[in-house]
Amino acid sequence: MTENPPALETALTVPLGTLSPGAKGIVAAVVSTLDSTAEAEDLERQLLEIGFVEGVRVELLQQGPFGDPLAVRIDERLTIALRRREANALLIVPIT
Amino acid sequence: MTTEALVERPLRIALVGNPNSGKTALFNALTGSRQKVANYPGVTVERKTGFLKTPGGLTVEVIDLPGSYSLRARSPDEAVTRDVVLGRSGYEKPPDAILCVLDTTNLGQHLRLVLELKQIGRPLILALNMMDIAQRRGLQIDLETLSREIGLPVIPTVAVRKSGMQDLLAQLDTVLRQPGPTEAAAETWREPDAAEIRGQHQDVARILRAAVERPGKPDRLTEALDRVVLNSVLGLPILLLILFLVFQAVFSWATPFMDAIDAAFSGLQAGIYRYVPAGALQSLLADGIVAGVGSVLVFIPQILILFGFILVLEDVGYMARGAFLMDRLMGSVGLHGRAFIPLLSCFACAVPGIMATRTIVSPRDRLTTILIAPLMTCSARLPVYTLLIAAFIPAHTVWGFNLQGLVMFGLYAAGIVTSLLIAWLLRLTVTRGPRQPLLMELPTYKMPDPKNFLMGLSIRANMFLRRAGTVILGLMVLLWFLASFPAPPVNAAQPAIYYSFAGRLGHLLEPLLAPVGFNWEIAIALIPGMAAREVAVAALGTVYALSGSEDALNTSLTAVLAQSWTLPTALALLAWYVFAPQCIATLAVTRRETNTWRWPVLMFVYLISLAYLAAWATYQTARWLGG
């Protein structure tokens with residue numbers, strides 16, 4: 001299920017929205033950096049509610065035509081569609 | 001609490017759960033056909049209720065609430081759902097128990113909602129649904145441990161096979177006989193903040209570590225199919241191909257049924273002409289009521305077939321992929337990918353399509369979708385298109401394509417392209433605001449269940465009949481009256497309709513419509529045509545004083561129009577029809593879904609302006625090109 005997330009200081013995190021299909025990783029942080037704080041908080045909570053929480057493994061399965069949106073699988077169980085803009089709130093520690 | 005006291009009080013439970021948990025199937029399994037759909041006052045959240053009977057003899061009302069990942073309210077509609085569950089809606093008393101449906105193969109995600117629900121303090125039962133799929137994937141859960149860890153009764157179910165229902169009902173019996181909780185818990189409920197949600201995930205992880213003996217294998221089939229279907233190059237063409245095939249099927253399969261219905265109603269009319277003495281009554285029955293009912297029922301085959309396909313694609317899980325593929329394109333005009341599904345339904349009939357926008361969370365996104373819905377070419381436009389194309393477009397082949405087919409396609413395309421433009425304009429002005437996040441689950445592919453499919457289909461057919469059908473029938477009778485009275489003078493030179501109220505209205509409009517090339521016959525026919533689009537065909541028949549069966553009418557009308565009208569006029573009328581808001585039912589349902597007159601009025605104004613502009617431009621251009 002969930003694994004202990006690696007320490008943020010020593011790991012290199014990338015926003016999920018910058019990755020390509022085939023990328024795998026573990027969610028290190030869910031931090032929204034959208035413009036308005038209300039929107040950012042809302043997005044953070046929505047991401048948490050749907051299952052993107054620190055420690056889960058994610059895999060970027062597909063991207064839509066023109067590169068957006070992304071199909072991301074959580075923990076080998078659940079596949080969620082989200083846009084790159086939203087995915088950038090998920091900081092990932094890539095694993096090969 | 002004594003059994004007698006319980007039986008007297010109407011008992012009620014709320015059915016909640018994540019989307020894609022099989023909640024609807026469970027609702028159907030529990031309540032059978034004893035379902036009713038209504039609305040909470042002031043909002044468009046559906047109040048779907050049904051009744052069940054427990055083994056202990058209790059009659060319980062089940063309220064099915066929309067699936068969601070959280071009780072948090074992101075829109076007024078979601079607030080109603082939350083309030084119903086909390087029991088502070090004011091419309092009705094709190095539910096006596098809550099039944100939460102979970103997808104057993106996704107407990108990691110679904111159990112979090114359960115923890116949120118636990119905080120309410122009402123009796124809560126968990127139905128672990130899709131147990132068959134879980135077992136097939138090798139998932140092994142110790143249900144007792146799970147129940148103990150989470151502190152709630154847990155019942156395994158397979159809703160589509162109705163298995164587990166007896167246990168569920170028995171559990172309900174037990175739970176409902178216990179004394180209820182104090183009201184205090186619900187009053188103090190707060191939305192969990194981010195930290196609490198993280199805490200809930202940790203709790204869920206702990207519970208699953210204890211209860212799951214063997215995690216199941218993921219679904220390889222879904223993954224494999226998605227590699228093709230969601231492929232960034234192939235995905236969109238595959239979607240368009242599927243849509244094209246669906247539309248082809250709709251038209252070719254529906255035609256024999258539509259012909260049969262037409263024949264039946266023509267037969268009915270013929271019978272009335274024979275057996276009812278000539279006069280107002282005969283006219284009312286034959287030309288008002290029978291014609292009115294017939295004009296609604298004739299669309300049922302197309303509507304059923306298109307909705308049937310949409311429902312199957314939804315149940316299989318493909319619609320979510322469609323929304324995924326369309327999200328970027330729709331996003332360029334500010335629409336949400338999910339808007340794709342209601343807009344698709346509008347190709348059958350905008351009335352159920354607009355009602356289907358309830359699945360769109362953001363009020364602004366939803367409004368934009370509703371406002372552009374009438375631009376999707378609905379079935380009712382086709383009789384007019386077919387008539388005019390048959391009369392004026394030669395059946396030549398151009399570059400390997402049938403010219404008539406090309407023109408038809410062009411009309412569809414015009415509606416779609418305009419809708420994107422209008423959506424973009426709306427997002428810049430009226431419905432400005434940030435886009436709602438996509439965050440949509442792509443469920444595993446599943447075989448649709450025939451019974452649930454039929455139930456879903458009959459609900460939509462009902463929706464069309466009740467909402468659109470009743471409005472159209474009522475208006476047809478009204479218009480029959482306007483078109484029949486006052487009766488023409490004895491030595492009438494013109495057809496009877498010329499002298500009626502409708503005729504006078506047509507005369508008034510004639511100078512307004514002259515610049516777009518419409519003659520007074522068209523002006524008159526458009527008046528009943530305002531009620532429902534397809535009525536214009538019958539109205540034209542009346543204006544040209546043609547009578548007879550529907551088929552005879554069409555062939556003779558085609559010939560008459562080809563002779564009496566010019567090509568620019570016909571083309572202008574086609575252009576008009578792409579846009580004109582000639583459907584009171586659509587305006588009525590818009591009023592209902594948006595709770596104000598502002599938006600239906602805006603819809604009417606912008607559509608009729610577009611119609612006039614398009615007709616004028618077409619007419620003038622066609623004339624200038626030498627029509």
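Model, not experiment: these values are computed from the prediction.
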Q: Name the member of B:Gly337, B:Pro443, B:Ser232 that forms the most heavy-atom pairs with chain A at distances under 4.5 Å.
A: B:Ser232
**Q.** Charged N-O contact under 4.0 Å between B:Asp315 and B:Lys446
**A.** no
Q: Would you check if the side chain of B:His201 reaches a backbone N or O of A:Leu48 as a donor-acceptor pair within less than 3.5 Å?
A: yes
**Q.** B:Arg112 side-chain N/O to B:Gly108 backbone N/O, donor-acceptor pair under 3.5 Å
**A.** no
Q: Select one option (side chain, backbone, both, neither) describing which atoms of A:Val72 are under 4.5 Å from chain B's heavy atoms.
A: neither
Q. Side-chain contact, heavy-atom cut-off 4.5 Å: B:Asn129 with B:Ser21?
A. no
Q | Contact class of B:Leu236 relative to chain A, heavy atoms under 4.5 angstrom | A | side chain
Q: Side chain from CB out, backbone as N, CA, C, O: work out which of these in B:Gln436 comes under 4.5 Å of a heavy atom of chain A, or both, or neither.
A: both
(Q) Is it true that B:Tyr69 and A:Gln46 share a donor-acceptor pair across their side chains at a distance under 3.5 Å? (A) no
(Q) Counting heavy-atom pairs under 4.5 Å with chain A, which one of B:Arg321, B:Lys217, B:Met326, B:Glu223 comes out on top? (A) B:Glu223
Q) Can you say whether A:Glu49 sits under 4.5 Å from chain B via the side chain, the backbone, both, or neither, judging by heavy atoms? A) both
Q.
What part of B:Arg227 gets within 4.5 angstrom of chain A, counting heavy atoms only: side chain, backbone, both, or neither?
A. both
Q. Going by distance alone, is a donor N or O of one side chain under 3.5 Å from an acceptor N or O of the other, for B:Asp226 and B:Tyr445?
A. yes
**Q.** Residue A:Leu47 versus chain B: region with a heavy atom under 4.5 Å
**A.** both
**Q.** Which portion of B:Ile197 sits near chain A, non-hydrogen atoms under 4.5 angstrom
**A.** side chain
(Q) Quick check on the interface: out of A:Ala87, A:Pro65, A:Gly51, A:Ala71, who has the most heavy-atom pairs with chain B under 4.5 Å? (A) A:Pro65
Q. Got a donor-acceptor contact below 3.5 angstrom from the B:Lys23 side chain to the B:Leu65 backbone?
A. yes
